[in-house]
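Just so we're clear, the structure is a prediction, and the values are computed from it rather than from any experiment.
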Amino acid sequence: MYVNTKVISNMKDTSLRPAPYDSLLDEETWAFVDKSVAFYPENATSLDYQGQRDVYDALCKAFDAGRPSGVSVRDHSLPGAVSPIFVREYRPASATPQATVLYLHGGGFILGGLESHDSICAEICDRTGYEVVAVDYRLAPEHLHPAQFEDSLAAFRFIARNRRHPVILAGDSAGGNLAAAVSWATRGEAHVPAGQLLIYPALGADTSRGSFVTHMNAPMLTTADMLYYDELRSGGSSPTGDPRFTPLAAADFTAMPPTLVFTAECDPLAGDGPDYCNRLTAAGGKAICFKETGLVHGYLRARHSVGRARDSFDRMITGLKALAASEWAY
């Protein structure tokens, strides 16, 4: 969530519930939005990317639910093309995992890391019984595109080579972008993902139309935010025709893994998921998009406080289990 003057101002005044969100969001979701926005100071619009990181880290910590008992964690590094890639491995308390979920965190390519999504990864591990590997890829603007993609790709290739069981790619927001890019880049290789689960992903749809217009000033994320993130990630002008940057730019979607996409109704990115799934199914693949009604970008953090978010997280867990078992009931 970047700081947009008008949106932050309106959200801080809880007497203002801008249409159509006054009717689309329930009280639980508004409480989540209010709590999130409260972390942004009055001078939020003057924050640089480091200031935004500080706010984002505090925000994520406030919603951190802790790790379920029995989940063990190991931090280490994997070899990268430029520098070591730091990862955190989560192991369940139960029997030997039958699958690995490689998780790529969100944060607009400039925010987040191993701590921001720690409890999310731990809960995925606990509820599926699978190993989860969270990747601390390099962030922009210190490291411009394709650094984030390169780290994600190297991490997947290393994990996939060293596991005897299925490896599923998963990620939210920017992480969903990276997961989709890695899935595309590894088509035809010896080790490919068993599936991918993308959560309100940024896939590169046209920002001048569709949900980027109808939800341009949505709570939690705006179209202006997305343009800002793209500019920081690219160092200026975003590349065109590069599927590593915008997965929807690919010309060929054949041989993509089975794909589950979850979008939030009240999100500029809501249209990316259906567009992407349509491209995959048109190429003969398996893909389905779940449009989660009345939810906003970042709702994973609300999975313990908002009923709709909790239900969506349940569907994600079910989906991960299905992908690991090579089952497709959609």
Side-chain angles (χ1 to χ4, degrees), residues 49-50 52-140 142-143 147-179 182 191 193 196-197 199 300-301 303 313 316-317 320 324:
Y49 66 88
Q50 187 56 58
Q52 291 184 52
R53 286 175 184 169
D54 293 340
V55 171
Y56 184 78
D57 290 346
L59 169 64
C60 292
K61 185 176 181 179
F63 284 98
D64 188 281
R67 298 173 191 158
S69 61
V71 172
S72 60
V73 169
R74 181 171 76 100
D75 290 355
H76 63 104
S77 63
L78 307 178
V82 176
S83 58
I85 304 166
F86 294 99
V87 299
R88 178 170 292 169
E89 291 185 6
Y90 300 79
R91 303 274 297 186
S94 56
T96 303
Q98 300 302 304
T100 293
V101 177
L102 187 76
Y103 196 91
L104 301 164
H105 69 82
F109 308 98
I110 70 170
L111 310 170
L114 297 181
E115 299 302 328
S116 63
H117 288 62
D118 182 69
S119 65
I120 292 171
C121 291
E123 287 179 39
I124 291 174
C125 172
D126 181 65
R127 294 191 57 184
T128 60
Y130 303 153
E131 174 191 48
V132 176
V133 179
V135 181
D136 194 19
Y137 55 82
R138 288 171 289 166
L139 298 177
E142 299 96 324
H143 306 283
Q148 298 78 36
F149 166 78
E150 290 173 343
D151 286 356
S152 302
L153 178 62
F156 171 77
R157 284 175 170 164
F158 184 91
I159 294 296
R161 285 197 308 266
N162 289 278
R163 299 296 187 275
R164 295 182 179 274
H165 51 236
V167 179
I168 301 165
L169 281 165
D172 64 289
S173 194
N177 170 293
L178 294 170
V182 170
H191 301 284
Q196 57 175 347
L197 187 143
I199 305 164
L300 267 185
R301 288 192 295 274
R303 67 196 180 282
F313 191 60
M316 293 175 196
I317 298 301
L320 287 170

query = Stepwise, does the side-chain contact (heavy atoms from CB on, under 4.5 Å) test hold for V71 with E123?
reply = CA-CA 9 Å; V71 172; E123 287 179 39; over 6 Å; no
To the nearest 0.5 angstrom, please state how far the [atom1] atom of [X] sits from the [atom2] atom of [Y].
X	Y	atom1	atom2	answer
D151	S83	CG	OG	6.0 Å
L178	F109	CG	CZ	5.0 Å
T96	E131	OG1	CD	11.0 Å
L111	D57	CG	CG	8.0 Å
L102	I168	CG	CD1	10.5 Å
I124	D126	CD1	CG	11.0 Å

Does the side chain of [X] reach to within under 4.5 Å of the side chain of [Y], using non-hydrogen atoms?
X	Y	result
I199	L300	yes
L78	I159	yes
M316	L197	yes
S116	Y56	yes
F156	V167	yes
L320	V101	yes
D136	I85	no
Y103	L169	no

Taking all atoms of both residues into account, what is the closest heavy-atom pair of [X] and [Y], and its distance?
X	Y	value
P97	P92	CG-CD, 3.7 Å
A134	C121	CB-SG, 4.0 Å
V135	L114	C-CD2, 4.2 Å

ask   = What's the verdict on salt bridge (charged side-chain N to carboxylate O under 4.0 Å, His left out) for E142 and R53, showing C-alpha distance, side-chain angles and the deciding distance?
value = CA-CA 13 Å; E142 299 96 324; R53 286 175 184 169; 2.7 Å; yes
Treating [X] as the side-chain partner and [Y] as the backbone partner, does any N or O pair qualify as donor plus acceptor under 3.5 Å?
X	Y	answer
E115	G113	no
N162	F158	yes
S173	G175	no

ask   = Can you name the residues that form a salt bridge (Lys or Arg N to Asp or Glu O under 4.0 Å) with D75, not counting sequence neighbours?
value = R88
inquiry  = Which residues pass the salt bridge (Lys or Arg N to Asp or Glu O under 4.0 Å) test with E89, not counting sequence neighbours?
reply    = R74, R163
ask   = In chain order, what residues pass the side chain to side chain donor-acceptor pair (under 3.5 Å) check against Q148, with sequence neighbours excluded?
value = none
message = As a test of understanding, state which of R303, R67, R301, K61 forms a side chain to side chain donor-acceptor pair (under 3.5 Å) with S119.
response = R303
query = Looking at Y137 versus H105, is the centre-to-centre ring distance below 6.0 Å?
reply = yes
task = For the pair D118 and Y90, evaluate side-chain contact (heavy atoms from CB on, under 4.5 Å) and give the outcome as yes or no after the intermediate values.
result = CA-CA 9 Å; D118 182 69; Y90 300 79; 2.6 Å; yes
